[in-house]
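Step one of this worksheet: look at the structure below.
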There are 2 protein chains.
Amino acid sequence: MRPEETRAKILDATDHLFGGLGFDATTTRDIAERSGVNKALIHYHFGSKDELLSALLDGYYDRLSATLIEALQRSAEPERQAGDVIDAYADFLARNRTFCSVVQREVASGRHVEAIVARTLPFFRLGSTWLREIAPHAPPELELTQVLTSVYGMVVTWFTYGRVIERLTGEDPFSPEALEARRRHVRHVVALLFREIHGGATPKERGKTWQRSTRRTPRKKSGS
Amino acid sequence: MRPEETRAKILDATDHLFGGLGFDATTTRDIAERSGVNKALIHYHFGSKDELLSALLDGYYDRLSATLIEALQRSAEPERQAGDVIDAYADFLARNRTFCSVVQREVASGRHVEAIVARTLPFFRLGSTWLREIAPHAPPELELTQVLTSVYGMVVTWFTYGRVIERLTGEDPFSPEALEARRRHVRHVVALLFREIHGGATPKERGKTWQRSTRRTPRKKSGS
DNA sequence: AGGAGGTTTAGGCGCTCGCCCAAATCAGGG
DNA sequence: CCCTGATTTGGGCGAGCGCCTAAACCTCCT
């Protein structure tokens, strides 16, 4: 068997097991058994269990990058670009369900944050410059980081909490219909935001946002 | 030392370690050392490592329940109720940062989903009846599950990805100012949704939501 | 004072983990 | 053909895991 073939089989099994059980609960013996490969080969080809995770993440982010860039270039109109990217991202997560699990868990564990940050940074920069171009003067409550986090969270949560949503609602959140419904909802919310950010909200509408009842909102505004 | 005191010390250490390292990467010896008790006491008081996690979750959800119910009862007006609950939830997560980590990781691992679901169900039911009361005829793209998932996701993502956001933006996402900014953003988005759901959106506005460019939207509408 | 039951202790059992090693196997060039 | 280097194999080492046991220890009650 060619070495690349062995690597691919190991990575496939790793994807499945890390996604299902998690990094810690998966043993290299599990991976070896599932990929039909001797357990020493994992260390021969990848060095260590940590480096195996890195290789897995690289694969994910390379494919994600290609997918999102393709979606972004499909159109030149910002509104449509946003919709296309959201759809592409949701589709990608639906097709790579373990991706979410792996990332979410490693972020929560705090141990592989640097590995995630290094690979997320390009996407964040891309999103930032894109947003700043189409909305140079967004109001503070629609700041760049806030909007990016919200859109990211709305998309990702559906997949991370898929199994929980399934048990809560009694319906399959990963069926084509459910996925389309989710995409439509997120696009709808983003459309609302977009209208405020890009088209510029009417100031009177913007002013009467909820004021919290029991706490004063600090006036301090951080520089830059 | 009184038994309850021992239990409390064990739970404190468990909270810190499960939140920081995760369930798998934390050993009962770690917990014993950090809480200053003999390692056999953990099994004496809690039975097993899994039951220790359950006890920890029970503590979280009991306190969360009290917090949210108090926030909900602070007012009778739906808009203000929503804002209060969001603020209370965000505050709770800020004060119990490990809660997010533990839940998120266990959900992602898929092994303790039932434990989470059982404790989440009451909140979901409460949110459902509340939403159905104030918005009996929400349009499909603002369906109950969709809205709940989005609001939940927007709040939780900030804390789950806190360390990532910190590295991406260079600012502390858990500072009082940053937390208030986040709360204000989420309340703002929810206000937009609320206006559409509750006040009833103008149909023409609702109609011109983005249509995705490359995919037809299935017409099928699931019953009930 | 002395017994009883709840709590704490040191020690360790049986097992699995990531990783390593020396030998076997394979493929291709001289 | 055989030599060479890359790849694969079975076996196992040392460490650490969750959990258990038997004895010691406390704290009341009678």
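Residue numbers begin at 1 in each chain, while the letters A, B, ... track the order of the sequences.
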Quickly work out the [X] [atom1] to [N] [atom2] distance and round it to whole Å.
X: Glu33(A); N: dT9(D); atom1: CD; atom2: P; answer: 14 Å
X: Phe23(A); N: dC17(C); atom1: CZ; atom2: P; answer: 13 Å
X: Phe46(B); N: dT7(C); atom1: CZ; atom2: P; answer: 12 Å
X: Leu17(A); N: dG18(C); atom1: CG; atom2: P; answer: 12 Å
X: Phe18(A); N: dG18(C); atom1: CZ; atom2: C1'; answer: 12 Å
X: Asp30(B); N: dC19(D); atom1: CG; atom2: P; answer: 14 Å
X: Ile42(A); N: dC20(C); atom1: CD1; atom2: P; answer: 13 Å
X: Leu21(B); N: dC17(D); atom1: CG; atom2: P; answer: 11 Å

Is it true that a side-chain atom of Arg7(B) and a backbone atom of His45(B) form a donor plus acceptor pair closer than 3.5 Å? yes
Less than 4.0 angstrom between a side-chain N/O of Thr6(B) and OP1 or OP2 of dT7(C), yes or no? no
Is the phosphate of dA6(D), meaning OP1 or OP2, less than 4.0 Å from a side-chain N or O of His45(A)? no
Between His185(B) and Ser150(A), is a side chain to side chain donor-acceptor pair (under 3.5 Å) present by the stated rule, with each step listed? CA-CA 9 Å; His185(B) 167 80; Ser150(A) 289; 2.6 Å; yes
Look at the aromatic rings of Phe194(B) and Trp130(B) and report parallel, tilted or perpendicular, splitting at 30° and 60°. tilted
Assign the ring pair Tyr152(A) / Tyr161(B) to parallel, tilted or perpendicular, where the plane angle (0 to 90°) is split at 30° and 60°. perpendicular
Identify, with sequence neighbours excluded, every residue that meets side-chain contact (heavy atoms from CB on, under 4.5 Å) alongside Leu21(B). Leu17(B), Ala25(B), Thr26(B)
Reading DNA chain D from 5' onward, which residue's closest nucleotide shows up sooner: Thr28(B) or Leu41(A)? Leu41(A)
Closest approach to the side chain of His43(A), judged atom by atom: which nucleotide of dT9(C), dG18(C), dC19(D) is it? dG18(C)
Base contacts versus sugar-phosphate-only contacts with protein, heavy atoms under 4.0 Å: please encode nucleotides 10-15 of chain D as B, S and - from 5' to 3'. BBB---
Around atom NE2 of His43(B), are there more than 12 heavy atoms from other residues, nucleotides or ligands closer than 6.0 Å? yes
Point-to-point distance, once rounded to the nearest 0.5 Å, from OH of Tyr61(A) to CZ of Phe99(A): 4.0 Å
Could you say whether Tyr44(B) or Gly47(A) is positioned toward the 5' end of DNA chain C, judged by the nucleotide with the nearest heavy atom to each? Tyr44(B)
